[in-house]
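Structure, as structure tokens:
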Protein chains: 2
Amino acid sequence: MERNTRQRDAILDVISGAGRPLSTQEILAAGKAAVSSLSIATVYRTLRDLVAEGHILPVKLPGEADRYEMARLDDHYHFKCSTCSKVFDIHDNIKKNNLHVPRNFVIDKYDLILYGQCSDCVPKH
Amino acid sequence: MERNTRQRDAILDVISGAGRPLSTQEILAAGKAAVSSLSIATVYRTLRDLVAEGHILPVKLPGEADRYEMARLDDHYHFKCSTCSKVFDIHDNIKKNNLHVPRNFVIDKYDLILYGQCSDCVPKH
DNA sequence: TTGTTAGTGATAACAATATATCAATAGCAA
DNA sequence: TTGCTATTGATATATTGTTATCACTAACAA
């Protein structure tokens, strides 16, 4: 970055304060609390720059647009609530030697995505 | 389906013979071996019907178009080769009680995707 | 065979992001 | 302050994968 703008600060604040990956629309909505004129174009541009600078990472789920969260979080995977569509970080990992692949296959990394109900959406009894 | 066409047979043969999930373009290319005039529109229409009839299932990977494989395969997950982009079935499963989620979260299902090199693409030494 | 009509092929249209454009605005160095 | 220009906001455009359209073809019952 070359200049420090209110828009950029607002976007980074929103992501670092969220504690879970946010969609571009969530970032736009939350960012408008700080800069009411904030445009979706600026959100996309700033996210691209923040990713390039290594501050944030895209979180990819099948069939869905990227969400974003702070980089350098602990090893973790993601949980998507099927009811409210929020995605949560699960700070845990699976041991790679528990994963069995065919002979001569090499594992670089893995993505584990859990689907279900978060505590706000699970039916009470 | 109402009629049994050469196109439909070719598409189902390609998928059932592949042993791994195929993209629409892979299905189109392989299907043309049997029906050289095969159109991508027919591929999409037939895939939609075969899914609706329960013969095949879409395989969803983050940021990628759906692939397709036969339904009623054993419990398994997927491995994507980062070099050749092929996706392979891994016939294994992880125990759900090995997965730790926050209190009051409920897991319905999970997707595990491994990334790395398949045996054809791993560097020989 | 033949007639009916489901299915096909070619391509236009669509949907859902994401990027490019450009005049206006606002960081920030001097 | 002022001036330069990076950044912004609004919106047009691009992109990618999928679906709709429609004239033509072929499956199959009679």
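In what follows, every chain begins at residue 1, and chains take the letters A, B, ... in the order their sequences are listed. FYI, side chains are in, hydrogens and waters are out, and symmetry mates aren't considered; it's all heavy atoms of this structure.
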From A:Leu57 atom CG to A:His55 atom NE2, the distance as rounded to the nearest 0.5 Å: 11.5 Å
In whole Å, I'd like the distance from the CG atom of B:Asp66 to the P atom of D:dT18. 6 Å
Salt bridge or not between A:Asp66 and A:Lys60? Use side-chain N to carboxylate O under 4.0 Å. yes
Is A:Tyr44 close enough to C:dA18 that one of its side-chain N or O atoms is under 4.0 Å from OP1 or OP2 there? yes
A:Ser39 side-chain proximity, nearest of D:dA10, D:dT18, C:dC28: D:dA10
Where the side chain of B:Arg3 is concerned, which of D:dT8, C:dT17, C:dT4 is the nearest nucleotide? C:dT4
Enter the distance from A:Asp49:CG to A:Leu12:CG here, rounded to the nearest 0.5 Å. 11.5 Å
Could you work out which one of C:dA18, D:dG9, C:dG7 sits closest to the side chain of B:Thr5? C:dG7
Which nucleotide sits closest to the side chain of A:Gln7: C:dG9, D:dG9, D:dT7? D:dG9
Interatomic distance where CD belongs to B:Gln25 and P belongs to D:dT16 [whole Å]: 13 Å
Between D:dT25 (P) and B:Arg6 (CZ): distance, integer Å: 14 Å
Candidates C:dA18, C:dG9, D:dG9 - which lies nearest the side chain of A:Leu38: D:dG9
Nearest to the side chain of B:Arg45 - D:dC22, D:dC28, D:dG17? D:dC22
Round to the nearest Å and state the distance from B:Asp49 atom CG to D:dT19 atom P. 11 Å
Roughly, in whole Å, what's the span from CZ in A:Arg48 to C1' in D:dT7? 12 Å
Of the options D:dT8, C:dG9, D:dG17, whose atoms approach the side-chain atoms of B:Ala65 most closely? D:dG17
Test side-chain hydrogen bond (donor to acceptor under 3.5 Å, both in side chains) on A:Asp89 and A:His78 and set out the steps. CA-CA 5 Å; A:Asp89 288 342; A:His78 295 106; 3.1 Å; yes
Expressed as a whole number of angstroms, how long is the span from B:Glu64:CD to C:dT17:C1'? 16 Å
Rounded to the nearest Å, what distance is computed from the CD atom of residue A:Glu26 to the P atom of nucleotide C:dT17? 13 Å
Atom CZ of A:Arg67 and atom P of C:dA16: how far apart are they, to the nearest Å? 16 Å
Phosphate oxygens OP1/OP2 of C:dG9: is one of them under 4.0 Å from a side-chain N or O of B:Thr42? yes
Scan side-chain atoms only and decide if B:Tyr77 and B:Asp92 contain a donor-acceptor pair under the 3.5 Å cut-off. yes
